[in-house]
Amino acid sequence: MRVEWNGLNTIFMNKKIAILQSNYIPWKGYFDLMNSVDEFILYDDMQYTKNDWRNRNIIKTVKGKQWLTIPVRQISLNQKIYETKISDTLWNKKHWNSIQINYAKAPYFKEFKSIFEELYLNNTNTFLSEINYSFIFAINQILEIKTKISFSSDYKLIEGKTERLVDLCKQSNATEYISGPAAKEYINAKLFEKENIKLSWMNYQGYKEYSQLFNQFEHGVSIIDMIFNLGHQTTQYMKSF
């Protein structure tokens, strides 16, 4: 909750944050979580993991689901996400070609074509984090998400999985931390309680179906599927708007 003071500053009485690694053209839940908070910290100081959402996502095709994967170099197992570089400079043209072939007949493809064509064909970034951020930023503009995006590198990081998250909340003056449900496996809720920080869990259940191209409906695809099929009605099929 924001409270305006003299029209000059914004004071957070209750500040919500989320902390998550950057993903490539993420699904709707990622943007729903981002829109649910006041500050979203991109946690790219984490170890890069293969076969994960950092460098790939799913689109729908006439033959079913298709992975779009950015090829990257993994030099060591301790490599951080922000240290990860691409290994094939033609990835962007290949991905854009697949998107055009499969979404050309989507109702709103023409309306948003120029935005994504620019993102793909003129993307000269060589680091995965920078590529992911360029897409996240552009999609936020389309969805009109106003959440502040910051980076874990903007903060001092301490050791300990939960300890680090709690400390990031304290450094950012957060009163509530909203986490994805998968983190229940390792988060120590008592550490948040000790610091009087509310711990909440994002619920990704109950999304409405919408009109998609091709056969069986799929929830777990990239947000671009919604944008090309729904246009500015996309947020009507999300929860936090």
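Since the model is a prediction, treat every value here as computed from it, not as a measurement.
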Next item on the list: Show the numbers, then the answer: is there a side chain to side chain contact (heavy atoms under 4.5 Å, CB included) between Gln212 and Asp225?
Entry: CA-CA 8 Å; Gln212 283 182 335; Asp225 185 89; 3.1 Å; yes
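- Residue pairs meeting the ring-ring contact (aromatic ring centres under 6.0 Å, His included) criterion with at least one partner in residues 141-172, sequence neighbours excluded, are Tyr133-Phe151.
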Check: Taking it one step at a time, do Asn14 and Glu176 satisfy side chain to side chain contact (heavy atoms under 4.5 Å, CB included)?
Finding: CA-CA 7 Å; Asn14 297 295; Glu176 181 175 354; over 6 Å; no
Considering only distance and modelled atom types, tabulate donor-acceptor pairs under 3.5 Å from the side chains of residues 62-73, sequence neighbours left out.
| unit_1 | atom_1 | unit_2 | atom_2 | d |
| --- | --- | --- | --- | --- |
| Gln66 | NE2 | Ser98 | OG | 3.4 |
| Arg73 | NH1 | Ile86 | O | 3.1 |

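- Of all the heavy atoms in Asp154 and Ser150, the pair that sits closest is OD2-CB, 3.6 Å.
- By the 6.0 Å contact criterion, CG on Asn203 is enclosed, its count of non-hydrogen atoms from other residues, nucleotides or ligands being greater than 12.
- Take Tyr210 and apply the ring pair (Phe, Tyr, Trp, His ring centres under 6.0 Å) test, not counting sequence neighbours, and it matches Phe217.
- Remark: side-chain polar atoms of Asn57 are paired, donor with acceptor, to backbone N or O of Ile25 under 3.5 angstrom.
- Cluster membership for Trp201 and Tyr177, using ILVMFWY side-chain heavy atoms within less than 4.5 angstrom, is shared.
- Residues Ser222 and Ile58 have side chains not in contact (no heavy-atom distance under 4.5 Å, counting atoms from C-beta outward).
- Residues Ser179 and Ile187 are in side-chain contact: their nearest non-hydrogen atoms beyond the backbone lie under 4.5 Å apart.
- How far CD1 of Ile19 is from CD of Glu39: 8.5 Å, rounded to the nearest 0.5 Å.
- Side-chain contact check for Ile136 versus Ile149: some heavy-atom pair is nearer than 4.5 Å.
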Note to self: Walk me through whether Lys198 and Lys16 qualify under side chain to side chain contact (heavy atoms under 4.5 Å, CB included).
What the structure shows: CA-CA 9 Å; Lys198 182 180 179 181; Lys16 300 177 182 180; over 6 Å; no
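- Inter-residue side-chain proximity for Tyr103 and Lys60 is flagged as met; some heavy-atom pair is nearer than 4.5 Å.
- Residues satisfying the ring pair (Phe, Tyr, Trp, His ring centres under 6.0 Å) test with Tyr204, not counting sequence neighbours, are Trp27.
- Transitive grouping of hydrophobic side chains (ILVMFWY, heavy atoms separated by less than 4.5 Å) brings Phe40 and Leu157 into a common cluster.
- Asn122 CG: more than 12 foreign heavy atoms inside a 6.0 Å radius.
- Atom CD1 of Ile75 sits in a sparse spot, with 12 or fewer heavy atoms from other residues, nucleotides or ligands closer than 6.0 Å.
- Expressed to the nearest 0.5 Å, how far CG of Leu128 lies from CG of Asn55 amounts to 6.0 Å.
- More than 12 heavy atoms of other residues, nucleotides or ligands lie within 6.0 Å of CD in Gln100, so this atom counts as buried by the packing criterion.
- Hydrophobic cluster membership is shared by Tyr186 and Met46, with clusters built from Ile, Leu, Val, Met, Phe, Trp and Tyr side chains linked at under 4.5 angstrom.
- The shortest non-hydrogen separation linking Thr235 to Leu143 is CG2-O, 3.9 Å.
- Glu83 is linked by a side-chain contact (heavy atoms from CB on, under 4.5 Å) to Gln79, Lys80, counting only residues two or more places apart in sequence or in another chain.
- In this structure, Lys161 has no salt bridge (Lys or Arg N to Asp or Glu O under 4.0 Å) partners at least two apart in sequence or on a different chain.
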Note to self: Apply side chain to side chain contact (heavy atoms under 4.5 Å, CB included) to residues Tyr43 and Leu165 and explain how you reach the verdict.
What the structure shows: CA-CA 10 Å; Tyr43 197 17; Leu165 297 177; 4.2 Å; yes
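- Using a 4.5 Å cut-off between side-chain heavy atoms of Ile, Leu, Val, Met, Phe, Trp and Tyr, with links allowed through other members, Phe214 and Ile99 fall into the same hydrophobic cluster.
- Listed by first and then second residue, the salt bridge (Lys or Arg N to Asp or Glu O under 4.0 Å) pairs involving residues 116-145 amount to none (not counting sequence neighbours).
- Atom-to-atom distance recorded for Phe135:CZ and Tyr24:OH is 5.0 Å, nearest 0.5 angstrom.
- At least one side-chain heavy atom of Ser153 sits less than 4.5 Å from a side-chain heavy atom of Asp45.
- Leu77 CG: 12 or fewer foreign heavy atoms inside a 6.0 Å radius.
- When all heavy atoms of Ser134 and Leu119 are compared, the pair lying nearest together is O-CD2, 3.6 Å.
- Between Lys93 and Leu121, some side-chain heavy-atom pair lies under the 4.5 Å cut-off.
- For Phe241, the ring pair (Phe, Tyr, Trp, His ring centres under 6.0 Å) test picks out no residue, with sequence neighbours left out.
- Side chain of Asn188 to backbone of Lys190: a donor-acceptor contact under 3.5 angstrom is found.
- Using a 3.5 Å distance cut-off with no hydrogens or angles, the side chains of Asn35 and Ser240 do pair a donor with an acceptor.
- Applying the salt bridge (Lys or Arg N to Asp or Glu O under 4.0 Å) criterion to Lys170, with sequence neighbours excluded, gives Glu195.
- For Arg54, the salt bridge (Lys or Arg N to Asp or Glu O under 4.0 Å) test picks out Asp52, with sequence neighbours left out.
- Considering only heavy atoms from C-beta on, Thr147 stays 4.5 Å or farther from Asn140 through its side chain.
- For Gln236, the side-chain contact (heavy atoms from CB on, under 4.5 Å) partners are Gln233, not counting sequence neighbours.
- Between Thr234 and Ile223 there is a side-chain heavy-atom pair separated by less than 4.5 Å.
- For the pair Glu163 and Ile158, the tightest heavy-atom approach, listed with the atom from each and the gap, is O-CD1, 3.5 Å.
- Of all non-hydrogen atoms in Ser22 and Tyr30, the two that sit nearest each other are CA-OH, 3.5 Å.
- Atom CD of Gln47 and atom OG of Ser76 lie 8.0 Å apart (nearest 0.5 Å).
- Taking the ring pair (Phe, Tyr, Trp, His ring centres under 6.0 Å) definition, one finds that Phe31 meets it with nothing, sequence neighbours left out.
- The ring-ring contact (aromatic ring centres under 6.0 Å, His included) test with Phe228 singles out one residue from Phe116, Tyr108, Phe112, and that residue is Phe116.
- The distance from the CG atom of Leu168 to the CD1 atom of Ile17 is 6.5 Å, given to the nearest 0.5 Å.
- To the nearest 0.5 Å, atom CD1 of residue Ile178 and atom OG of residue Ser36 are 5.5 Å apart.
- The aromatic rings of His219 and Tyr207 are tilted relative to each other, their planes meeting at an angle between 30° and 60°.
- Of all non-hydrogen atoms in Ala189 and Leu199, the two that sit nearest each other are CB-CD2, 3.8 Å.
- Both Trp91 and Trp53 sit in one connected hydrophobic cluster of ILVMFWY residues. Membership requires side-chain heavy atoms under 4.5 Å apart, directly or through other members.
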